[in-house]
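Quick note on labels: first sequence line is chain A, next is B, and so on, each numbered from 1.
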Number of protein chains: 2
Amino acid sequence: MPKIVDPEARRRAVADAVFRVARRDGLENASLRNVADEAGLAVGSVRHYFASHSELMLFAMRELTRRVEVRVRSRVEPLLAAPGGPDRASLVEELLAELLPLDAARHDEAVLWLAFTTAARVRPELRPRADELHTGMREMVEQVLRGGQRQGGFPEDLDVPAETLRLVALLDGLALTAVLQPDRITPDDMWRVLRLHLRSLRGA
Amino acid sequence: MPKIVDPEARRRAVADAVFRVARRDGLENASLRNVADEAGLAVGSVRHYFASHSELMLFAMRELTRRVEVRVRSRVEPLLAAPGGPDRASLVEELLAELLPLDAARHDEAVLWLAFTTAARVRPELRPRADELHTGMREMVEQVLRGGQRQGGFPEDLDVPAETLRLVALLDGLALTAVLQPDRITPDDMWRVLRLHLRSLRGA
DNA sequence: GCCGTTATAGCACGGGCGGGCTAAATTCGT
DNA sequence: ACGAATTTAGCCCGCCCGTGCTATAACGGC
């Protein structure tokens, strides 16, 4: 009957165009026209896959969240698989490092994360996604701290709720600096600070 | 000769309108029309004091920076005045707390700080101001750490550059959470985390 | 009371925006 | 080969934007 096209693949391709435009010119310039140009499509074509502009933004944000989650999950599994392994410390380190913009790909993701979550402050339709992302990160960090408490490493009397807040703020803050002041922080700096923090948690 | 008006006061009044609009609807909605409405003026009147929209934004950002600096400076002076005072620790705490959105006024400032610095990522004319603000904060934190090292409190072998990065990231991250997820963090939480961090610095 | 200066207001243009809607091209099942 | 269903493309409207420009109002020195 009709031309057969995988609609989900198309939607993801358009979302990629959103990401490139937002990365380059800011989310405020991710208009249907600019996104369509970036994707090499006509505006009408983009609108065939997304009923409205905000639906496009919502899809893009979900797609971004999904990618981050996939990446983080891939670091959680080794940790669950090696319950008492000797190099548990470095697995934890790598898991948390997954949330830092240590290479170009993660840097781009961090830029987009900041753009979407700040936009969500005044765009009600994006709020649920932003909240989910934040909650997910915080719960993961809390689990890591509790896990490290059970499996040695971190002291028994660790104030887990406060330390969760502290570690989440630290990771967010490092990402923020890397996004907004990229010349003033290097991946090495971020590694150094992360290791410093984990060491201080163990030795407290 | 003409109607006498303090032009600087007017400019500040318009900047205030920018702040209110940006706080409520986001910086992307701080158009000349919206700002003029908020200030109770006509667009032409606003343009009498600002040659262009970006000049208005630039002025507003300088005004914001100035206010933060005034507030911080007022906390630095007591610290310099009491070189070896006994409650130096609490003075340091209060100084750093000045950078956290602990009350409504500072919360609004933090919202605006985030809006302007993120906007600066893709608006070259705002970059210098954003860089200044970041540099000023980092230098201040570094001085605090070095000062605490000389005057007891912090250990001699403190890795000051790394600890500066860590503390700046922590403060930024707490402010970010407070701005984007205000329901998930209270002023008490921020106090607790700040004190926890300073204690861990002293006891390392 | 008049004049010159400044403040205030507003119109108009060109451009980008989201979105309602229609028309054309494409392609698979028959 | 034909036709139905889907994809692609594009026009057009009303809205908001920054800005160039002009007209009116307000007021202090003479």
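- Within the 4.0 angstrom heavy-atom criterion, no nucleotide atom of any strand lies near Val43(A).
- Listed pair His48(A) / dT8(D) fails the phosphate criterion, with no side-chain N or O lying under 4.0 Å from OP1 or OP2.
- Residue Ser45(B) has a polar side-chain atom (N or O) positioned under 4.0 Å from OP1 or OP2 of dA9(C).
- Taking the side chain of Tyr49(B) as heavy atoms from C-beta on, and the options dA7(C), dA9(C), dT8(D), the nearest nucleotide is dA7(C).
- Summarising the geometry, the separation between CZ on Phe50(A) and P on dT7(D) is reported as 13 Å, rounded to the nearest angstrom.
- Atom CZ of Arg24(A) has more than 12 neighbouring heavy atoms from other residues, nucleotides or ligands inside a 6.0 Å radius.
- In this structure, Arg11(B) atom CZ and dT8(C) atom P are separated by 13 Å, rounded to whole Å.
- For the pair Arg10(B) CZ and dA26(D) P, the computed distance is 14 Å after rounding to whole Å.
- Taking the six-membered ring where the residue is Trp, His197(B) and His197(A) present parallel rings, their angle staying beneath 30° rather than reaching 60°.
- If you take CD of Glu55(B) and P of dG20(D), they are 12 Å apart, rounded to a whole angstrom.
- Side-chain contact, Arg10(B) with Ser45(B): no donor N or O sits under 3.5 Å from an acceptor N or O.
- Rounded to whole angstrom, the span from the CD atom of Glu28(A) across to the C1' atom of dG16(C) amounts to 14 Å.
- A side-chain donor-acceptor contact under 3.5 Å links Asp189(A) to the backbone of Thr186(A).
- Distance from the side chain of Ala42(A) is smallest to dG10(D) among dT19(D), dT8(C), dG10(D).
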Could you run down nucleotides 12-18 of chain D 5' to 3' and tag each one B, S or - for protein heavy-atom contact under 4.0 Å? -----BB

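- Here the straight-line distance linking atom CG of Leu174(A) with atom CG of Asp172(B) works out to 9.5 Å at 0.5 Å rounding.
- Atom CG of Leu198(B) sits about 11.0 Å away from atom OG of Ser90(B), to the nearest 0.5 Å.
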